[in-house]
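Since the structure comes first, as structure tokens, the remarks are kept for the end.
Numbers restart at 1 for each chain; the letters A, B, ... are given by sequence-line order, proteins then strands.
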Amino acid sequence: MSDNKPENELKAPTNFIHAIIEEDLRKVKNDSRVHTRFPPEPNGYLHIGHAKSICLNFGTAAKYNGKCNLRFDDTNPVKEDVEYVDSIRDDVHWLGFDWEDREFFASDYFEQIYEFAETLVKKGKAYVCDLSAEEIAAQKGTPTRPGTESPYRNRSVEENLDLLRRMRAGEYPEGARVLRAKIDMASPNMHMRDPLMYRIIYGHHHRTGDKWCIYPMYDFAHGQCDSIENITHSICTLEFEVHRPLYDWFVKELEIFPPQQIEFARLNITYTVMSKRKLLELVKNNFVNGWDDPRMPTISGLRRRGYTPESIRNFSDIIGVAKRDNVIDVSLLEFCIREDLNKKAPRVMGVVNPVKLVITNYPEGQTEEMNAVNNPEDPESGTRKVQFSRELYIERDDFMEEPSNKFFRLAPGKEVRLKYAYIIKCESIVKDPETGEITEIHCTHDPETLSGREQSSRKVKGTLHWVSANHALEAEIRLYDRLFMSEDPEDVEEGVDYKTNLNPDSLKVMKGYVEPSVSGTKPLDKFQFERLGYFCTDSDSNDDRLVFNRTVALKDSWSKANK
RNA sequence: UGUCCGAUAGUGUAAUGGUAACACGUCUGAUUUUGGUUCAGAAGACUCCAGGUUCGAGCCCUGGUCGGACAACCA
């Protein structure tokens, strides 16, 4: 590397967008300024696909010493709400990005956008059309057949201007008239066939109230908003690619600053849906418990589930950015959170599906405090004490009455290590005479094998986690599985709804126990329950009632081998 | 029977005319008081097809094939 080049040129582009930007920088386009924006519509909660866009836009700005704005695209009062504005702000901040004082709303520019409309009318490039929505649709043609021109297309500039002003003044009912760009009804690009610029809506806007009764269409607002904010690179998803000629047309006719739009492929993940419409439907019809249900791919859902901002940023980074359609395996997301939490999450013992274990040769009423390592991956994290006594709970899955020879855990006559405690041997089991269910497992321990003593180095095949029955804290533990059973939930036969792919077992609520050291835990605290997975204290949790979400299970080569 | 866009291991993403690489996943083995982690290794791609340009093509050109987007007074 030579050091006489600007810093920007030293970094290898990591994706095609950065390659374009670096080429622009080389040409000193826009005075080598890089300014991006994240432009959500406040009509729903942000999801992991938005996170990809947020990371791309803010990340790109940071990489090239530029800026990134947060702008709410609020041009449709009937769908938008402050609840969504607030959640979007929270989510972007939580992900770790800061837009400083650059928080904007498309509605901030309504007056300016209206001026743009008058400008086009005066240039003879826009006209008021009295056709109904149905008539306009009918005259639009099809992708392979040209449309026909509106009978109102050639109104005079004076008449158009008068009509437009009276539209704004509220003289006409909703749907009576629209403002259209006068472009080309025969264009092979449907978006160029005299697209709508303004429509009449008497809805109450979450910011401008009842000031306006005409609202710009997205296509007539978005490009100009970018221009007003001097956005150099307008990064958006592929479906807007065919809109680009229209945005460029408006910018050219208006003679305003031209942002460069670059489109990338939106994120898809296996076993989930990613459209706001479908996510809204799942929420509204109570298929999930709200936007932040830990099964949702929303940012708020992932947060509640126990994902960290770092893990999501890293995920966004390694999935890359390209133009081809893609479906990311959900196991990659899971890899990212495991990798992050492995380093950070304190280890703790918790039993999710408990069965009682009695150490028959251990003195009744005796308690010992065992030394436990908080995180073997983090030497700084220290140790803690865990109470041990005669009656314990262990995981039901850790015992098998008739084990295969690959089963390293507890079985009649077999020895196993209790982590941080003793090596025990199973002597007998007690069953419920009615159901045949195992109610107690009776073992003996070898006092010489206490963890740390010489005898404890004896080799045994398995090590189990446990909690002391008299000391452990009761907890509700929520086990999540994928929301959909099918890798592509939307891949259904004609007439079949994607919701038939919903996984009926996506949530299992367990009554379990955790070691006492977790008392006082607060929502969003993260733990690794040894041998089980990563867990996060839920927002329903409090000092009287502990509730944990399983973020993700540990990799489990035992259960995999059993399939 | 239109316009635009795309096509590289199972899944993603690199390779910017010069030996197809990386991550996840999969499979071995070692270590391990987490069947986790870590470490070592393996398998897996005639780069959609056919032509062309070139000493040389995943990359450039032409034609096909397949996939996606576009016909809301949504964004």
Taking the same atom, [atom1], in [N] and in [M], what whole-Å distance lies between them?
{"N": "B/rC66", "M": "B/rC27", "atom1": "C1'", "answer": "32 Å"}
{"N": "B/rC61", "M": "B/rG68", "atom1": "C1'", "answer": "24 Å"}
{"N": "B/rC4", "M": "B/rG10", "atom1": "P", "answer": "32 Å"}
{"N": "B/rA69", "M": "B/rC73", "atom1": "C1'", "answer": "22 Å"}
{"N": "B/rG56", "M": "B/rG18", "atom1": "P", "answer": "14 Å"}
{"N": "B/rG6", "M": "B/rA23", "atom1": "C1'", "answer": "23 Å"}
{"N": "B/rG2", "M": "B/rA9", "atom1": "C1'", "answer": "36 Å"}

*Return the 5'-most residue of the pair A/Asp329, A/Lys459 with respect to RNA chain B, ranking by each residue's nearest nucleotide.*
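The answer here is A/Asp329.
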*How do A/Phe16 and A/Leu450 order along RNA chain B: which one's closest nucleotide is nearer the 5' end?*
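Closer to the 5' end of RNA chain B: A/Phe16.
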Are [X] and [Y] close enough for a salt bridge, meaning some N to O gap below 4.0 Å?
{"X": "A/Asp446", "Y": "A/Lys425", "answer": "no"}
{"X": "A/Asp108", "Y": "A/Arg207", "answer": "yes"}
{"X": "A/Lys344", "Y": "A/Asp340", "answer": "yes"}

*In terms of the angle between their ring planes, are A/His243 and A/Phe240 parallel, tilted or perpendicular, with boundaries placed at 30° and 60°?*
perpendicular
*For the residue pair A/His222 and A/Tyr247, does the interplanar ring angle fall in the parallel (under 30°), tilted (30 to 60°) or perpendicular (over 60°) class?*
tilted
*Roughly how far apart are A/Arg37 CZ and A/Asn57 CG, rounded to 0.5 Å?*
5.5 Å
At under 4.0 Å between heavy atoms, what does [X] touch on the DNA or RNA strands: base, sugar-phosphate, or nothing?
{"X": "A/Phe408", "answer": "base"}
{"X": "A/Phe72", "answer": "nothing"}
{"X": "A/Leu179", "answer": "nothing"}

*Applying a 3.5 Å limit to both distances, which nucleotide forms a Watson-Crick or G-U wobble pair with B/rA23?*
B/rU11
*Could you verify whether a donor N or O on one side chain and an acceptor N or O on the other, from A/Asn69 and A/Glu229, lie under 3.5 Å apart?*
yes
_Using a 4.0 Å cut-off to any heavy atom of chain A, which nucleotides of RNA chain B are the first and last in contact, reading 5' to 3'?_
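Listed 5' to 3', the contact boundaries are B/rG2 to B/rA75.
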